[in-house]
Number of protein chains: 2
Amino acid sequence: MSVQTKATIASFGGKLLRLSHNASSTNCEMAFNLYLPPQTTTNPLHKVPLLIYLAGLTCTGDNGAEKGFFQHAASEKGIAVLYPDTSPRGLKIEGEDESFDFGSGAGFYVDATKSPWNKGYKMYSYITSELPKTVFENFKQVDSERVSIFGHSMGGHGALTLFLKNPGKYKSVSAFAPIANPSNCQWGQKAFGGYFGEEEKAKWAENDATELVKKWSGEPLDILIDVVCPSLPRLLHHERRKVFRLIKMVEQGTSDNFYKQGQLLPENFVKAAEGKGKVNVRLQDGYDHSYFTMATFADDHVGHAARYLLA
Amino acid sequence: MSVQTKATIASFGGKLLRLSHNASSTNCEMAFNLYLPPQTTTNPLHKVPLLIYLAGLTCTGDNGAEKGFFQHAASEKGIAVLYPDTSPRGLKIEGEDESFDFGSGAGFYVDATKSPWNKGYKMYSYITSELPKTVFENFKQVDSERVSIFGHSMGGHGALTLFLKNPGKYKSVSAFAPIANPSNCQWGQKAFGGYFGEEEKAKWAENDATELVKKWSGEPLDILIDVVCPSLPRLLHHERRKVFRLIKMVEQGTSDNFYKQGQLLPENFVKAAEGKGKVNVRLQDGYDHSYFTMATFADDHVGHAARYLLA
């Protein structure tokens with residue numbers, strides 16, 4: 001459970017720590033970043049809540065820390081931010097570095113059951129258990145009782161599933177352009193087929209946000225999702241509240257490339273969540289799948305978490 | 001003067017344009033980024049002022065746009081931001097790609113006079129004349145009468161020299177961790193020796209911010225400079241206003257690596273600027289030479305420019 005500090009970088013009045021540890025769930029050394037807001041240094045007895053950011057395909061724990069600008073609002077609100085990696089690294093499994101959407105950088109936040117991936121592709125256990133335990137043991141100023149989660153694309157799906165599989169564990173969840181129904185898109189089918197096996201549809205369902213939300217019986221949901229739609233016509237600005245109608249219009253031919261490819265399927269998630277509470281899907285006209293989008297709406301997502309973490 | 005648009009990316013309500021053009025001063029195709037704030041689309045007749053960001057060694061026009069967080073305040077204030085490259089590219093001059101601190105990525109915002117660099121290393125002409133002319137011709141919503149400049153490290157020096165060499169051309173100037181007296185540091189001596197010649201000390205002085213500020217006879221200066229000092233003791237927090245005393249203490253053994261190497265020399269600039277107006281040197285305790293520092297103080301620097309651009 002010991003942690004190595006590779007660098008301490010000042011950021012928005014707090015400290016961004018570049019850390020690593022030997023993780024048993026993923027069977028390798030894992031790098032991660034932890035942002036401690038200024039409130040942790042001005043008052044050593046003050047405990048701050050934790051917001052976990054799950055990154056997308058090809059990313060590491062660095063992308064969000066460098067380009068997401070989540071520290072801007074986290075500093076103001078007094079929230080620590082944890083930036084984990086997206087997969088184990090260097091396990092020497094044949095083919096682990098062959099694709100951008102499977103293996104290294106593409107752990108999908110699941111526990112693989114199929115050989116050889118089950119030897120370390122246990123990102124679900126790593127993110128829900130080993131990593132936060134390590135953080136709470138080593139950084140007493142971080143409050144283990146107040147944790148929220150959010151993410152982007154593959155990480156948006158990770159955030160939704162970890163929240164839905166663990167009622168009460170996370171105070172809130174939000175997502176940028178999440179893969180929302182992996183069982184029905186190419187990326188998800190490749191990942192779930194590889195990590196679980198083609199025939200293991202029960203496993204697929206247990207790890208698919210759209211299937212999970214159908215079965216949700218916890219507190220009424222309050223989920224914030226930003227869907228990006230570069231070519232959405234301007235007139236839709238006036239109709240943001242009509243979520244279903246908008247989703248339908250998005251479906252009919254606008255949106256980002258990955259949306260167009262049918263990789264994201266937010267409309268499936270929204271439909272499956274009917275009657276389970278609030279799913280605030282905002283269509284961000286003109287925005288794309290990049291970190292420029294996250295930076296723009298960073299304050300909103302940290303603010304969404306803050307309403308629960310600081311309640 | 002025609003400009004190619006490679007991408008249009010939404011950012012903080014405005015548009016970040018990835019552009020390129022064939023530049024005659026640098027004798028090659030030059031990429032650059034231009035951020036147009038939301039005010040330019042909501043009212044097509046509204047002209048916005050321009051803030052030019054000059055990046056440091058090894059950078060391109062992308063670093064500031066992706067990691068500087070300048071669009072955050074520029075969007076709110078209604079300011080366009082121009083992110084040029086740091087040198088010509090691909091001129092096939094022998095040795096141009098050999099060092100990080102000379103040639104490609106290290107144009108130092110000067111007009112080289114020594115062969116073979118004088119065949120395209122004309123970044124002074126490019127930044128002060130050709131590039132802004134191209135921007136104003138192609139983007140009528142950008143106001144050629146209201147332009148400010150700022151930069152980081154080599155680009156901080158670029159901003160200071162371009163401001164000081166052209167009284168009235170720029171409404172304001174600020175800098176992050178600038179190389180402040182290149183004639184007296186290794187980076188500057190290598191660059192000026194290479195671009196002007198070892199013996200051309202008059203040329204060196206004409207392009208050194210510390211020499212230029214001694215001769216300043218324009219309006220009283222109001223320059224904002226953030227100096228970074230990772231190991232500055234905490235007690236100095238209470239003494240920020242005593243600039244000279246602080247500079248002296250920094251000199252005695254704290255600061256970022258490049259400061260320690262004697263590459264930055266802000267104290268020389270501050271001393272040379274005595275009696276010329278206000279040089280607000282802020283010592284940023286614990287901060288380093290990275291874009292995390294720029295992101296943290298981005299709002300302050302855009303705000304400094306805004307006070308002049310929107311006056």
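The analysis underlying the following values was restricted to heavy atoms, covering all of them including side chains, and did not include hydrogens, waters or symmetry mates. Proteins come first, then strands; the chains are lettered A, B, ... in the order of their sequence lines, and each starts at number 1.
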Closest non-hydrogen atom pair, [X] against [Y]:
| X | Y | answer |
| --- | --- | --- |
| A:Ala65 | B:Phe292 | O-CE2, 3.2 Å |
| A:Ala10 | B:Gly286 | CB-O, 3.4 Å |
| A:Phe12 | B:Thr296 | N-OG1, 2.7 Å |

message: Taking side chain as everything from C-beta outward and backbone as N, CA, C, O, which of these in B:Tyr291 sits under 4.5 Å from a heavy atom of chain A? Side chain, backbone, both or neither.
response: neither
- prompt: Side chain, backbone, both or neither: which part of B:Thr8 has a non-hydrogen atom closer than 4.5 Å to chain A?
  reply: neither
field: Check: A:Tyr287 side chain, B:Ile9 main-chain N or O, donor-acceptor pair, under 3.5 Å
entry: no
task: Inspect the surroundings of CD in B:Glu29 and state if more than 12 heavy atoms from other residues, nucleotides or ligands are less than 6.0 Å away.
output: yes
- request: Go through the structure and list residues passing side chain to side chain donor-acceptor pair (under 3.5 Å) with B:Ser172, not counting sequence neighbours.
  value: B:Ser148
- request: Check the pair B:His72 / A:Phe69 against side-chain contact (heavy atoms from CB on, under 4.5 Å), numbers first and verdict last.
  value: CA-CA 10 Å; B:His72 177 256; A:Phe69 298 112; over 6 Å; no
